Amino acid sequence: MRTYLAIFGATGNLMYKKLLPAIAALQSNNLLDLETKILCIGRANHTLESYIETAKTQIHSPINWDKLSPILEYFRMEFDQVDSYNNLKTYMNGNGDSKRLFYLAVAPELFPIIAEGISSVQLITKNDAFGRIVFEKPFGEDLKTAKAINTMLWKYFDESQIYRVDHYLGKEMIQNILVMRFANKLFENNWNSLAIEKVTIIAKETEGVMNRGNYYDHVGALKDMIQSHLLQMAALIAMEVPKSFDVDGIREEKVKVLKQIKVDHKAVITGQYNGYLSEKNIQLNSKTETAVFMKVYFETPRWKGVPFIFLTGKKFNEKRSEIIIDFEDNTVQESLWPNQEIVKNQLVIRVAPDEGVTFRMNVKEHGLSNMIQKVEMDYCHDCNVVGNKPEAYERLLLDFIRGNSTLFTRWDEIEAAWKIIDSIKNHVIEPVIYQDFEGFLAIVNSIIKEETL
Ligand code: BG6
(Lines give C-alpha, C1' and ligand atoms only; values in the text may rest on other atoms or scores of the structure.)
Protein backbone atom coordinates (compact mmCIF):
# COMPACT_ATOMS: atom_id res chain seq x y z
CA MET A 1 0.00 0.00 0.00
CA ARG A 2 1.37 3.41 -0.91
CA THR A 3 2.07 6.12 1.65
CA TYR A 4 0.37 9.48 1.56
CA LEU A 5 1.97 11.96 3.93
CA ALA A 6 -0.20 15.09 4.16
CA ILE A 7 1.42 18.09 5.83
CA PHE A 8 -0.73 20.93 7.11
CA GLY A 9 1.22 24.18 7.33
CA ALA A 10 3.17 23.59 4.11
CA THR A 11 3.99 27.27 3.69
CA GLY A 12 5.28 27.70 7.25
CA ASN A 13 8.74 28.02 8.74
CA LEU A 14 8.97 24.45 9.99
CA MET A 15 8.15 23.05 6.56
CA TYR A 16 10.80 25.10 4.81
CA LYS A 17 13.46 24.90 7.52
CA LYS A 18 13.17 21.27 8.59
CA LEU A 19 10.52 19.10 6.96
CA LEU A 20 11.15 19.61 3.24
CA PRO A 21 14.95 19.31 3.61
CA ALA A 22 14.45 16.13 5.67
CA ILE A 23 12.03 14.64 3.11
CA ALA A 24 14.43 15.58 0.32
CA ALA A 25 17.29 13.80 2.10
CA LEU A 26 15.20 10.67 2.70
CA GLN A 27 14.14 10.64 -0.93
CA SER A 28 17.70 11.18 -2.20
CA ASN A 29 18.85 8.26 -0.09
CA ASN A 30 16.03 6.08 -1.41
CA LEU A 31 14.58 5.61 2.06
CA LEU A 32 11.01 6.39 1.07
CA ASP A 33 8.90 3.68 -0.54
CA LEU A 34 8.61 4.06 -4.27
CA GLU A 35 5.00 5.14 -4.17
CA THR A 36 5.26 7.68 -1.39
CA LYS A 37 3.59 11.04 -2.04
CA ILE A 38 3.90 14.18 0.03
CA LEU A 39 0.77 16.31 0.00
CA CYS A 40 1.69 19.87 0.95
CA ILE A 41 -1.42 21.53 2.35
CA GLY A 42 -1.63 25.29 2.75
CA ARG A 43 -4.03 28.19 2.67
CA ALA A 44 -2.03 30.10 0.06
CA ASN A 45 -3.19 30.01 -3.52
CA HIS A 46 -0.43 28.01 -5.17
CA THR A 47 -0.06 25.62 -8.03
CA LEU A 48 2.48 22.90 -7.40
CA GLU A 49 4.91 24.80 -9.61
CA SER A 50 4.50 28.11 -7.77
CA TYR A 51 4.74 26.31 -4.42
CA ILE A 52 8.04 24.71 -5.42
CA GLU A 53 9.33 28.05 -6.72
CA THR A 54 8.47 29.70 -3.38
CA ALA A 55 10.01 26.83 -1.42
CA LYS A 56 13.23 27.23 -3.41
CA THR A 57 13.50 30.83 -2.27
CA GLN A 58 12.91 29.86 1.37
CA ILE A 59 15.15 26.82 1.68
CA HIS A 60 18.84 27.56 1.88
CA SER A 61 20.19 24.04 2.31
CA PRO A 62 21.16 22.11 -0.83
CA ILE A 63 18.26 20.01 -2.06
CA ASN A 64 17.98 17.64 -4.98
CA TRP A 65 14.83 19.17 -6.45
CA ASP A 66 14.87 16.79 -9.42
CA LYS A 67 14.31 13.91 -7.04
CA LEU A 68 12.03 15.72 -4.62
CA SER A 69 9.62 17.53 -6.96
CA PRO A 70 8.04 14.40 -8.52
CA ILE A 71 6.77 13.19 -5.12
CA LEU A 72 5.26 16.54 -4.08
CA GLU A 73 1.65 17.62 -4.53
CA TYR A 74 0.04 20.85 -3.39
CA PHE A 75 -3.50 21.18 -2.03
CA ARG A 76 -5.06 24.51 -1.08
CA MET A 77 -7.71 24.57 1.62
CA GLU A 78 -9.22 26.57 4.46
CA PHE A 79 -8.51 24.69 7.65
CA ASP A 80 -11.69 25.73 9.43
CA GLN A 81 -14.30 24.76 6.82
CA VAL A 82 -15.92 21.33 6.84
CA ASP A 83 -16.31 21.36 3.07
CA SER A 84 -12.57 21.66 2.66
CA TYR A 85 -12.11 18.32 4.41
CA ASN A 86 -14.63 16.70 2.08
CA ASN A 87 -12.65 18.05 -0.86
CA LEU A 88 -9.43 16.84 0.71
CA LYS A 89 -10.90 13.38 1.12
CA THR A 90 -12.09 13.29 -2.47
CA TYR A 91 -8.65 14.42 -3.59
CA MET A 92 -6.79 11.84 -1.50
CA ASN A 93 -9.20 9.03 -2.44
CA GLY A 94 -8.79 9.88 -6.09
CA ASN A 95 -5.24 8.68 -5.77
CA GLY A 96 -6.23 5.18 -4.70
CA ASP A 97 -5.82 3.34 -1.40
CA SER A 98 -3.04 4.54 0.81
CA LYS A 99 -1.65 4.70 4.30
CA ARG A 100 -2.76 8.14 5.47
CA LEU A 101 -0.35 10.06 7.58
CA PHE A 102 -1.00 13.61 8.72
CA TYR A 103 1.59 16.05 9.98
CA LEU A 104 0.31 19.15 11.78
CA ALA A 105 3.04 21.75 11.35
CA VAL A 106 0.65 24.52 12.40
CA ALA A 107 -0.09 26.76 15.36
CA PRO A 108 -1.57 24.80 18.29
CA GLU A 109 -4.90 26.61 18.12
CA LEU A 110 -5.44 24.78 14.83
CA PHE A 111 -4.87 21.31 16.33
CA PRO A 112 -8.50 20.75 17.40
CA ILE A 113 -9.90 22.21 14.20
CA ILE A 114 -7.79 20.03 11.91
CA ALA A 115 -8.10 16.94 14.11
CA GLU A 116 -11.87 17.26 14.05
CA GLY A 117 -11.87 18.01 10.32
CA ILE A 118 -9.92 14.96 9.21
CA SER A 119 -11.74 12.68 11.57
CA SER A 120 -15.23 14.02 10.71
CA VAL A 121 -14.80 12.98 7.08
CA GLN A 122 -13.09 9.77 8.21
CA LEU A 123 -9.77 10.48 6.63
CA ILE A 124 -8.58 8.77 9.80
CA THR A 125 -10.77 6.63 11.97
CA LYS A 126 -10.01 5.59 15.53
CA ASN A 127 -7.85 2.46 15.68
CA ASP A 128 -7.37 2.55 11.92
CA ALA A 129 -4.05 0.75 11.46
CA PHE A 130 -3.16 2.86 8.41
CA GLY A 131 -3.95 6.29 9.84
CA ARG A 132 -1.52 8.25 12.02
CA ILE A 133 -1.19 11.85 13.02
CA VAL A 134 1.81 13.80 14.26
CA PHE A 135 1.84 17.03 16.29
CA GLU A 136 4.51 19.59 16.97
CA LYS A 137 4.84 21.19 20.38
CA PRO A 138 3.69 23.19 22.29
CA PHE A 139 1.16 20.74 23.66
CA GLY A 140 -0.73 23.37 25.59
CA GLU A 141 0.40 26.23 27.79
CA ASP A 142 0.13 24.44 31.11
CA LEU A 143 -1.16 21.15 32.47
CA LYS A 144 -4.80 22.24 32.18
CA THR A 145 -4.66 23.27 28.52
CA ALA A 146 -2.43 20.30 27.66
CA LYS A 147 -5.02 17.97 29.19
CA ALA A 148 -7.76 19.64 27.17
CA ILE A 149 -5.79 19.12 23.94
CA ASN A 150 -5.13 15.56 24.87
CA THR A 151 -8.75 14.79 25.69
CA MET A 152 -9.67 16.22 22.33
CA LEU A 153 -7.07 14.01 20.61
CA TRP A 154 -8.26 10.87 22.36
CA LYS A 155 -11.78 11.63 21.20
CA TYR A 156 -10.69 11.18 17.59
CA PHE A 157 -7.61 8.95 17.71
CA ASP A 158 -6.20 6.07 19.64
CA GLU A 159 -2.97 6.83 21.57
CA SER A 160 -1.12 4.47 19.22
CA GLN A 161 -2.06 6.73 16.28
CA ILE A 162 -0.79 9.91 17.95
CA TYR A 163 2.85 10.95 17.54
CA ARG A 164 4.10 13.96 19.54
CA VAL A 165 7.36 15.39 18.28
CA ASP A 166 10.23 16.44 20.50
CA HIS A 167 12.90 16.88 17.87
CA TYR A 168 15.72 16.50 20.41
CA LEU A 169 14.82 12.81 20.62
CA GLY A 170 15.72 12.49 16.95
CA LYS A 171 19.23 13.83 17.52
CA GLU A 172 22.02 11.29 17.20
CA MET A 173 23.69 11.93 20.54
CA ILE A 174 20.40 11.84 22.42
CA GLN A 175 19.71 8.42 20.95
CA ASN A 176 23.24 7.55 22.01
CA ILE A 177 22.65 8.26 25.71
CA LEU A 178 21.13 4.87 26.48
CA VAL A 179 23.80 3.02 24.52
CA MET A 180 26.56 4.87 26.33
CA ARG A 181 24.95 4.21 29.68
CA PHE A 182 23.92 0.60 29.35
CA ALA A 183 26.44 -0.83 26.89
CA ASN A 184 29.49 0.35 28.85
CA LYS A 185 30.18 -1.29 32.19
CA LEU A 186 32.41 1.60 33.22
CA PHE A 187 29.51 4.02 33.08
CA GLU A 188 26.69 1.66 33.99
CA ASN A 189 28.29 0.80 37.33
CA ASN A 190 29.04 4.41 38.16
CA TRP A 191 25.81 6.01 37.05
CA ASN A 192 24.63 7.01 40.50
CA SER A 193 25.13 9.33 43.44
CA LEU A 194 28.12 7.36 44.74
CA ALA A 195 30.17 8.33 41.70
CA ILE A 196 28.44 11.34 40.20
CA GLU A 197 28.55 14.75 41.80
CA LYS A 198 26.47 16.80 39.39
CA VAL A 199 24.77 16.69 36.00
CA THR A 200 24.50 19.83 33.86
CA ILE A 201 22.29 20.02 30.80
CA ILE A 202 22.91 22.97 28.57
CA ALA A 203 21.21 24.33 25.45
CA LYS A 204 22.67 27.67 24.44
CA GLU A 205 21.62 29.63 21.39
CA THR A 206 23.07 32.71 19.75
CA GLU A 207 19.90 33.77 17.97
CA GLY A 208 17.10 35.75 19.53
CA VAL A 209 13.41 35.14 18.90
CA MET A 210 13.74 36.21 15.25
CA ASN A 211 10.34 36.26 13.53
CA ARG A 212 8.68 34.08 16.18
CA GLY A 213 7.75 36.85 18.60
CA ASN A 214 4.04 36.08 18.39
CA TYR A 215 4.55 32.52 19.53
CA TYR A 216 7.52 33.01 21.83
CA ASP A 217 6.22 35.90 23.87
CA HIS A 218 3.37 33.72 25.15
CA VAL A 219 5.64 30.82 25.89
CA GLY A 220 9.13 31.71 27.09
CA ALA A 221 12.17 29.51 27.65
CA LEU A 222 10.70 27.45 30.49
CA LYS A 223 7.94 26.11 28.28
CA ASP A 224 9.78 26.33 24.97
CA MET A 225 12.92 24.47 26.02
CA ILE A 226 12.81 23.09 29.58
CA GLN A 227 9.32 21.53 29.45
CA SER A 228 10.32 19.56 26.38
CA HIS A 229 13.94 19.17 25.32
CA LEU A 230 15.83 19.57 28.60
CA LEU A 231 13.47 17.43 30.64
CA GLN A 232 13.61 14.72 27.98
CA MET A 233 17.41 14.75 28.09
CA ALA A 234 17.35 14.62 31.88
CA ALA A 235 14.90 11.71 31.85
CA LEU A 236 17.18 9.67 29.60
CA ILE A 237 20.14 10.37 31.85
CA ALA A 238 18.26 9.66 35.08
CA MET A 239 15.91 6.79 34.21
CA GLU A 240 16.37 3.25 35.46
CA VAL A 241 17.27 0.34 33.18
CA PRO A 242 14.25 -0.34 30.97
CA LYS A 243 12.88 -3.87 30.83
CA SER A 244 13.29 -3.70 27.08
CA PHE A 245 14.25 -1.18 24.43
CA ASP A 246 10.85 -1.37 22.80
CA VAL A 247 8.46 1.57 22.47
CA ASP A 248 6.94 1.40 25.91
CA GLY A 249 9.90 0.02 27.84
CA ILE A 250 11.81 3.28 27.52
CA ARG A 251 8.84 5.61 27.87
CA GLU A 252 7.71 3.77 31.02
CA GLU A 253 11.01 4.45 32.76
CA LYS A 254 11.16 8.08 31.58
CA VAL A 255 7.73 8.77 33.04
CA LYS A 256 8.62 7.13 36.35
CA VAL A 257 11.71 9.24 36.82
CA LEU A 258 10.07 12.48 35.67
CA LYS A 259 7.51 11.99 38.41
CA GLN A 260 10.33 11.99 40.97
CA ILE A 261 11.70 15.45 40.17
CA LYS A 262 11.91 17.97 42.95
CA VAL A 263 12.65 21.52 41.90
CA ASP A 264 14.92 23.61 44.11
CA HIS A 265 12.76 26.73 43.91
CA LYS A 266 15.45 28.96 45.39
CA ALA A 267 17.64 28.03 42.44
CA VAL A 268 15.36 28.93 39.57
CA ILE A 269 16.55 32.08 37.84
CA THR A 270 15.12 33.46 34.65
CA GLY A 271 16.50 36.15 32.38
CA GLN A 272 15.47 38.23 29.42
CA TYR A 273 18.03 39.41 26.89
CA ASN A 274 18.58 43.09 26.55
CA GLY A 275 16.76 44.22 23.42
CA TYR A 276 14.04 41.57 23.60
CA LEU A 277 11.37 44.23 24.12
CA SER A 278 12.21 45.86 20.80
CA GLU A 279 11.83 42.62 18.82
CA LYS A 280 8.84 42.25 16.49
CA ASN A 281 5.49 41.20 18.04
CA ILE A 282 6.63 41.43 21.65
CA GLN A 283 4.23 42.98 24.13
CA LEU A 284 5.07 46.23 25.82
CA ASN A 285 6.91 45.50 29.09
CA SER A 286 6.77 41.76 28.42
CA LYS A 287 8.05 39.64 31.31
CA THR A 288 8.71 36.61 29.14
CA GLU A 289 11.95 34.83 29.97
CA THR A 290 14.47 34.02 27.24
CA ALA A 291 16.92 32.22 29.55
CA VAL A 292 16.54 29.85 32.47
CA PHE A 293 18.89 28.45 35.05
CA MET A 294 17.42 25.90 37.42
CA LYS A 295 18.40 23.12 39.74
CA VAL A 296 16.37 19.98 40.31
CA TYR A 297 16.85 16.71 42.15
CA PHE A 298 15.55 13.28 41.26
CA GLU A 299 14.25 11.75 44.44
CA THR A 300 15.23 8.20 43.61
CA PRO A 301 17.75 6.00 45.43
CA ARG A 302 20.11 6.24 42.44
CA TRP A 303 20.26 10.04 42.40
CA LYS A 304 19.83 11.04 46.03
CA GLY A 305 21.41 14.45 46.56
CA VAL A 306 22.80 14.85 43.02
CA PRO A 307 21.87 18.23 41.54
CA PHE A 308 20.74 18.32 37.93
CA ILE A 309 21.30 21.79 36.53
CA PHE A 310 19.44 23.07 33.49
CA LEU A 311 20.74 26.06 31.60
CA THR A 312 19.25 27.38 28.41
CA GLY A 313 18.99 30.75 26.77
CA LYS A 314 18.81 32.82 23.63
CA LYS A 315 21.38 35.48 22.63
CA PHE A 316 24.13 33.58 24.40
CA ASN A 317 27.74 33.36 23.24
CA GLU A 318 27.43 30.20 21.19
CA LYS A 319 25.07 27.61 19.79
CA ARG A 320 25.78 24.52 21.85
CA SER A 321 23.82 21.72 23.48
CA GLU A 322 25.58 19.30 25.78
CA ILE A 323 25.25 17.16 28.86
CA ILE A 324 28.07 17.34 31.37
CA ILE A 325 28.46 14.60 33.96
CA ASP A 326 30.84 15.62 36.75
CA PHE A 327 32.17 12.71 38.76
CA GLU A 328 33.04 12.92 42.44
CA ASP A 329 36.61 13.77 43.32
CA ASN A 330 38.95 10.96 44.04
CA THR A 331 40.20 12.16 47.41
CA VAL A 332 41.15 8.71 48.70
CA GLN A 333 43.71 8.43 45.98
CA GLU A 334 44.94 12.00 46.30
CA SER A 335 47.09 10.96 49.28
CA LEU A 336 49.11 8.78 46.92
CA TRP A 337 50.18 11.84 44.96
CA PRO A 338 50.68 14.60 47.49
CA ASN A 339 50.84 18.12 46.07
CA GLN A 340 49.58 17.10 42.68
CA GLU A 341 46.32 18.06 41.17
CA ILE A 342 44.04 15.19 40.34
CA VAL A 343 41.15 16.41 38.28
CA LYS A 344 37.70 15.04 38.68
CA ASN A 345 36.56 12.87 35.82
CA GLN A 346 34.11 14.52 33.53
CA LEU A 347 32.05 13.08 30.75
CA VAL A 348 30.64 15.48 28.19
CA ILE A 349 28.02 14.27 25.75
CA ARG A 350 28.14 16.79 22.94
CA VAL A 351 24.72 16.91 21.35
CA ALA A 352 25.37 19.80 18.94
CA PRO A 353 27.05 21.25 17.00
CA ASP A 354 30.03 18.82 17.04
CA GLU A 355 28.41 15.52 18.01
CA GLY A 356 30.57 13.34 20.20
CA VAL A 357 31.84 12.50 23.65
CA THR A 358 34.70 13.91 25.68
CA PHE A 359 36.06 12.17 28.77
CA ARG A 360 38.44 14.05 31.05
CA MET A 361 40.81 11.95 33.11
CA ASN A 362 44.25 11.81 34.76
CA VAL A 363 47.31 10.12 33.27
CA LYS A 364 51.04 10.12 33.97
CA GLU A 365 53.06 12.72 32.11
CA HIS A 366 55.20 11.32 29.37
CA GLY A 367 58.89 10.68 30.14
CA LEU A 368 60.94 10.50 33.31
CA SER A 369 58.60 12.63 35.38
CA ASN A 370 56.05 11.11 37.71
CA MET A 371 53.75 14.05 37.43
CA ILE A 372 50.08 13.64 36.74
CA GLN A 373 48.43 15.46 33.91
CA LYS A 374 44.84 15.83 32.90
CA VAL A 375 43.90 14.74 29.40
CA GLU A 376 40.83 14.54 27.26
CA MET A 377 39.73 11.54 25.29
CA ASP A 378 37.60 12.68 22.42
CA TYR A 379 35.19 10.71 20.34
CA CYS A 380 33.83 12.43 17.27
CA HIS A 381 30.53 10.85 16.33
CA ASP A 382 30.16 12.23 12.83
CA CYS A 383 33.79 12.49 11.73
CA ASN A 384 33.89 9.23 9.81
CA VAL A 385 30.40 9.32 8.41
CA VAL A 386 30.47 9.05 4.66
CA GLY A 387 27.59 10.69 2.80
CA ASN A 388 24.43 11.94 4.41
CA LYS A 389 24.47 12.71 8.15
CA PRO A 390 20.81 12.36 9.05
CA GLU A 391 19.23 15.31 10.80
CA ALA A 392 16.81 14.79 13.70
CA TYR A 393 13.79 15.37 11.48
CA GLU A 394 14.90 12.76 8.96
CA ARG A 395 14.94 10.11 11.63
CA LEU A 396 11.64 11.24 13.13
CA LEU A 397 9.83 11.45 9.80
CA LEU A 398 11.06 8.03 8.78
CA ASP A 399 9.98 6.52 12.10
CA PHE A 400 6.58 8.19 11.77
CA ILE A 401 6.13 6.84 8.24
CA ARG A 402 7.19 3.37 9.35
CA GLY A 403 5.03 3.47 12.48
CA ASN A 404 7.75 3.40 15.12
CA SER A 405 6.89 5.76 17.98
CA THR A 406 9.85 5.08 20.30
CA LEU A 407 11.34 8.52 19.68
CA PHE A 408 8.05 10.34 20.21
CA THR A 409 6.68 11.39 23.57
CA ARG A 410 3.76 9.68 25.25
CA TRP A 411 1.01 11.67 26.93
CA ASP A 412 2.04 10.77 30.47
CA GLU A 413 5.59 12.08 29.85
CA ILE A 414 4.12 15.39 28.76
CA GLU A 415 1.77 15.42 31.72
CA ALA A 416 4.66 14.83 34.14
CA ALA A 417 6.69 17.59 32.48
CA TRP A 418 3.83 20.10 32.70
CA LYS A 419 3.40 19.38 36.40
CA ILE A 420 7.01 20.39 36.92
CA ILE A 421 6.69 23.58 34.88
CA ASP A 422 3.40 24.52 36.55
CA SER A 423 5.01 24.11 39.96
CA ILE A 424 7.68 26.62 38.95
CA LYS A 425 5.30 29.07 37.33
CA ASN A 426 3.33 29.19 40.55
CA HIS A 427 6.34 30.77 42.22
CA VAL A 428 6.21 34.01 40.25
CA ILE A 429 9.62 34.69 38.75
CA GLU A 430 10.53 37.94 37.08
CA PRO A 431 13.31 37.71 34.55
CA VAL A 432 16.51 39.67 35.12
CA ILE A 433 17.91 41.51 32.11
CA TYR A 434 21.16 40.09 30.72
CA GLN A 435 23.57 41.29 28.03
CA ASP A 436 25.09 37.94 27.10
CA PHE A 437 25.87 34.49 28.46
CA GLU A 438 28.59 35.67 30.80
CA GLY A 439 26.27 38.34 32.12
CA PHE A 440 23.49 35.85 32.81
CA LEU A 441 25.89 33.47 34.51
CA ALA A 442 27.26 36.23 36.72
CA ILE A 443 23.71 37.08 37.81
CA VAL A 444 22.96 33.42 38.51
CA ASN A 445 26.10 32.98 40.59
CA SER A 446 25.47 36.16 42.53
CA ILE A 447 21.92 35.09 43.36
CA ILE A 448 22.52 31.54 44.43
CA LYS A 449 25.90 32.39 45.96
CA GLU A 450 27.79 29.33 44.86
CA GLU A 451 29.95 28.57 41.88
CA THR A 452 27.58 26.64 39.69
CA LEU A 453 29.29 26.22 36.37
C1 BG6 B 1 12.66 24.55 19.45
C2 BG6 B 1 12.35 25.85 20.12
O3 BG6 B 1 11.87 23.52 19.96
O4 BG6 B 1 14.04 24.25 19.67
C5 BG6 B 1 13.23 26.97 19.61
O6 BG6 B 1 10.99 26.19 19.89
C7 BG6 B 1 14.70 26.57 19.74
O8 BG6 B 1 12.99 28.18 20.29
C9 BG6 B 1 14.94 25.19 19.13
O10 BG6 B 1 15.45 27.53 19.04
C11 BG6 B 1 16.34 24.70 19.43
O12 BG6 B 1 16.56 23.51 18.73
P13 BG6 B 1 17.99 23.13 18.21
O14 BG6 B 1 17.82 21.79 17.57
O15 BG6 B 1 18.41 24.19 17.24
O16 BG6 B 1 18.89 23.11 19.43
Side-chain angles (χ1 to χ4, degrees), residues 9 12-19 21-22 25 60-61 103-108 111 134-141 146 163-177 200-234 236 270-273 276 279-282 286 288-292 310-324 349-356 381-382 389-397 407-409 413-414 417-418 421 431 437:
N13 245 342
L14 182 72
M15 183 69 166
Y16 294 138
K17 263 182 79 180
K18 303 283 189 188
L19 300 180
H60 305 299
S61 45
Y103 199 119
L104 270 56
V106 293
F111 288 1
V134 70
F135 296 86
E136 278 286 333
K137 75 175 184 49
F139 306 108
E141 291 175 7
Y163 287 61
R164 303 177 188 83
V165 177
D166 183 319
H167 78 277
Y168 263 62
L169 297 184
K171 290 185 190 269
E172 274 289 309
M173 291 311 295
I174 300 299
Q175 293 170 51
N176 222 333
I177 293 175
T200 310
I201 302 181
I202 295 179
K204 297 198 260 178
E205 298 186 76
T206 47
E207 286 169 343
V209 289
M210 301 195 292
N211 57 357
R212 296 167 76 221
N214 257 336
Y215 153 79
Y216 195 89
D217 203 36
H218 289 103
V219 178
L222 257 177
K223 297 178 181 177
D224 187 48
M225 294 295 287
I226 307 268
Q227 190 271 346
S228 46
H229 312 321
L230 276 82
L231 279 170
Q232 280 291 326
M233 289 193 264
L236 289 166
T270 62
Q272 185 185 82
Y273 65 79
Y276 175 76
E279 300 272 25
K280 231 169 84 194
N281 296 324
I282 302 300
S286 166
T288 299
E289 76 284 352
T290 58
V292 178
F310 298 153
L311 176 64
T312 183
K314 296 204 182 281
K315 290 272 182 190
F316 276 178
N317 59 334
E318 57 178 348
K319 172 90 181 144
R320 174 171 298 281
S321 298
E322 61 189 11
I323 301 170
I324 304 170
I349 301 174
R350 303 190 310 270
V351 177
D354 49 340
E355 298 169 338
H381 189 62
D382 55 1
K389 295 179 193 163
E391 290 283 331
Y393 272 94
E394 282 173 54
R395 172 67 198 250
L396 294 174
L397 270 168
L407 298 179
F408 294 81
T409 44
E413 294 176 60
I414 294 189
W418 273 125
I421 300 301
F437 174 66

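Counting starts at 1 for both ligands and their atoms, following the listed order. Since the model is a prediction, treat every value here as computed from it, not as a measurement.
- Exactly one residue among E279, K314, K315 makes a side chain to side chain donor-acceptor pair (under 3.5 Å) with Y273. That residue is E279.
- Using a 4.0 Å cut-off to heavy atoms of Y168, the atoms of ligand 1 that qualify are 12 (O), 13 (P), 14 (O), 16 (O).
- Each of the following atoms of ligand 1 lies closer than 4.0 Å to a heavy atom of K314: 5 (C), 7 (C), 8 (O), 10 (O).
- For the pair K137 and ligand 1, a heavy-atom separation below 4.0 Å is found.
- Contacts with ligand 1 closer than 4.0 Å are made by no heavy atom of E207, backbone or side chain.
- Scanning the protein for heavy atoms near atom 10 (O) of ligand 1, the closest one is E205 OE1, 2.6 Å.
- Note: Y393 and H167 have parallel aromatic rings, judged against thresholds of 30 and 60 degrees for the angle between ring planes.
- Protein heavy atom in closest approach to atom 15 (O) of ligand 1: K319 NZ, 2.6 Å.
- Proximity to H229 (heavy-atom distance under 4.0 Å) selects the following atoms of ligand 1: 1 (C), 3 (O), 4 (O).
- Using cut-offs of 30° and 60° on the angle between ring planes, the pair F408 and Y163 is perpendicular.
- Taking CG of L104 as the reference point, atom CZ of F135 lies at 5.0 Å (rounded to 0.5 Å).
- Between K204 and E318, at least one side-chain N (NZ, or NE/NH1/NH2) sits under 4.0 Å from a carboxylate O, which counts as a salt bridge.
- No hydrogens or angles considered: nothing links the side chains of H218 and E141 as a donor-acceptor pair under 3.5 Å.
- Between D217 and R212 no salt bridge is recorded (no basic side-chain N to carboxylate O distance below 4.0 Å).
- Set against the non-hydrogen atoms of H167, the atoms of ligand 1 under 4.0 Å away are 1 (C), 3 (O), 4 (O), 12 (O), 13 (P), 14 (O).
- Set against the non-hydrogen atoms of D224, the atoms of ligand 1 under 4.0 Å away are 2 (C), 5 (C), 6 (O), 8 (O).
- On a distance-only criterion, Y216 and ligand 1 share no N/O pair closer than 3.5 Å.
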